[in-house]
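None of the values given here were measured: they were computed from a predicted structure. Every chain is numbered from 1 and lettered A, B, ... according to where its sequence line falls, protein lines coming before strand lines.
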There are 2 protein chains.
Amino acid sequence: MGATKTTLFTRQQNDIANMAKALAHPARIAILQYLVKKNACVCGDLVEELGLAQATTSQHLKELKNAGIIQGTIEGVSICYCINPAVWKQYRELFNSFFKDVTLAGNKCC
Amino acid sequence: MGATKTTLFTRQQNDIANMAKALAHPARIAILQYLVKKNACVCGDLVEELGLAQATTSQHLKELKNAGIIQGTIEGVSICYCINPAVWKQYRELFNSFFKDVTLAGNKCC
DNA sequence: ATGTATTATTGCAATATTGCGATGATTGAA
DNA sequence: TTCAATCATCGCAATATTGCAATAATACAT
């Protein structure tokens with residue numbers, strides 16, 4: 001087929017995978033880092049910053065917005081994007097809990 | 001075109017994105033969680049555990065191996081997989097540093 | 001109303017991912 | 001050697017992602 005079989009997995013597993021997917025492109029990482037640094041920006045800033053076409057940049061913004069990790073508000077003729085702190089925190093904590101619960105001490109592999 | 005323009009981004013941005021991509025499928029999350037819980041397992045265990053075909057399971061294992069986060073050693077007629085603790089730690093720290101440096105306090109968005 | 005600036009959406013082509021059956025490679029046992 | 005067990009790889013089909021030009025939508029001027 002070719003479509004991910006989400007029903008085979010738990011809600012949490014799908015959640016983590018979806019979060020990871022939102023971060024699985026360097027442009028989206030760059031956008032988030034830029035937003036963290038500048039606190040807020042408009043799409044035009046990112047088109048210059050990234051070097052991607054406006055349509056492509058807009059699409060990455062859309063995916064980040066769908067994932068909930070950023071939010072945009074209309075600011076006159078342009079749209080101001082910024083991190084959604086609550087979701088950002090959620091991401092961090094979910095990844096944290098995923099990575100934490102492994103005891104690297106007793107790794108007696110095979 | 002349709003291929004990610006990696007040259008536009010920094011090494012670190014591509015690294016984080018690649019790490020995220022390795023985690024961007026619920027089956028791979030499930031594999032890692034299972035490995036964390038059981039410490040080690042063979043491919044056949046995962047075929048039962050996941051409910052995916054053997055070929056598909058093997059392919060997900062290959063991607064995790066390519067990402068470096070797991071390692072496999074020949075164990076008689078089967079292959080024993082386990083977490084690579086050093087790379088696991090690296091993943092954790094890279095994500096940690098990515099998520100940490102945002103001051104959620106002063107989010108005066110737009 | 002008309003024009004300009006900014007962002008979103010559409011439509012398309014190129015590439016990547018997902019999934020599986022079939023086949024191949026390797027190991028250990030009979 | 002022959003067989004069964006186990007995992008990897010190949011080849012294919014279906015779906016998803018990436019990227020961009022062109023166009024639409026929106027807001028604010030004039």
When you measure from the side-chain N and O atoms of A/Lys5 to the phosphate of C/dC20, is any distance below 4.0 Å, counting only OP1 and OP2? yes
Find out whether A/Pro85 and A/Gln71 are in side-chain contact, i.e. whether some heavy atom of one side chain is under 4.5 Å from a heavy atom of the other. yes
Of A/Thr56 and B/Gln54, the one whose closest DNA chain D nucleotide lies more 5': B/Gln54
Whichever of A/Thr4 and A/Cys43 has the more 5' nearest nucleotide on DNA chain C, that residue is A/Cys43
For a quick test of reading the model: is some side-chain N or O of A/Tyr81 closer than 4.0 Å to OP1 or OP2 of C/dT6? no
Shortest non-hydrogen contact from A/Ala24 toward B/Ala24: CB-CB, 4.5 Å
With DNA chain C as reference, determine whether B/Glu63 or A/Lys62 sits nearer its 5' end, using the nearest nucleotide of each. A/Lys62
Which of the following nucleotides, D/dT18, C/dG21, C/dA8, is nearest to the side chain of A/Ile79? C/dA8
What's the closest nucleotide to the side chain of B/Gln59 if the choices are C/dA8, C/dG19, D/dG19? C/dG19
d(NE2, A/His25; P, C/dT15) in whole Å: 15 Å
Would you say B/Lys21 places a side-chain N or O within less than 4.0 Å of OP1 or OP2 belonging to C/dT17? yes
Tell me: CZ of A/Arg28 to P of D/dT17, nearest whole Å? 9 Å
For A/Ile70 and A/Tyr81 the tightest heavy-atom approach is CD1-CD2, 3.8 Å
Rounded to whole Å, the CG-P distance (A/Leu50 to D/dG19) equals 10 Å
Using a cut-off of 4.0 Å on non-hydrogen atoms, how would the nucleic acid contact of A/Ala55 be classed: base, sugar-phosphate, or nothing? base
D/dC20 P sits how many Å from B/Leu8 CG, rounded? 8 Å
Do the side-chain N or O atoms of B/His60 get closer than 4.0 angstrom to the phosphate oxygens (OP1, OP2) of C/dT17? no
Heavy-atom nearest pair, B/Trp88 first then A/Phe98, reads CZ2-O, 3.7 Å
Atom-pair distance (CG on A/Leu64; C1' on C/dA8), nearest Å: 15 Å
Rounded distance (Å) that lies between atom P of C/dT7 and atom CG of A/Leu52: 15 Å
Taking CD from A/Glu75 and C1' from D/dA29, how many angstroms apart are they, rounded to a whole number? 17 Å
Please classify the nucleic acid contact of A/Ser58 as base, sugar-phosphate, or nothing, using heavy-atom distances under 4.0 Å. base
Against the side chain of A/Val77, the closest entry in C/dG19, C/dA8, C/dT6 is C/dT6
CG of A/Leu46 versus P of D/dC20: gap in Å, rounded? 14 Å
Could you tell me whether the side chain of A/Lys5 reaches within less than 4.5 Å of the side chain of B/Leu52, counting heavy atoms only? yes
